[in-house]
K.L.:
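Sharing a structure below in structure tokens format, with a few things to ask.
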Amino acid sequence: MFYTSVLLHFTDCCVRREVEGASFDWFKSYSDIAHIVREAIPDKASRILMLGCGNSKLSEEMYDDGYHNIVNVDVRVQLHKPKPVAKIQ
């Protein structure tokens, strides 16, 4: 539990320093690792669970590269603004 609270405090500090609308990648950008992702996940229809996505552009850039079955999850829900969903009739 201590590790979790320290990590959440650290991510809060990082997020507060970010400019509104800016993204933050902990490791590398998708362009840096795209060749690895394409080799590891050759089927672009694969289901991908992105844990701890934060406000990274990684999923967005993977989507632009053809990976359309991505679910993003993060404990910090305030990082994400809800997007309007079309009504199903």
K.L.:
Can you find a heavy atom in the side chain of Lys57 that is under 4.5 Å from one in the side chain of Tyr30?
P.N.:
no
K.L.:
Would the distance check show the side chain of Lys44 and the main-chain N or O of Asn69 forming a donor-acceptor pair, the cut-off being under 3.5 Å?
P.N.:
no
K.L.:
Look up atom CD1 in Ile41 and atom CZ in Arg47, then write down how far apart they are to the nearest 0.5 Å.
P.N.:
13.0 Å
K.L.:
For Asp43, is there any backbone N or O sitting under 3.5 Å from a side-chain donor or acceptor partner on Ser46?
P.N.:
yes
K.L.:
Do Val37 and Tyr67 come close enough that some side-chain heavy atom pair is under 4.5 Å?
P.N.:
yes
K.L.:
Starting at CD1 of Ile48, measure out to NE2 of His68 and round the result to the nearest 0.5 Å.
P.N.:
10.5 Å
K.L.:
Can you spot which of Val71, Leu58, Asp74 makes a side chain to side chain contact (heavy atoms under 4.5 Å, CB included) with Met50?
P.N.:
Leu58
K.L.:
Do Met62 and Phe27 land in one hydrophobic cluster if side-chain heavy atoms of ILVMFWY residues count as linked below 4.5 Å?
P.N.:
yes
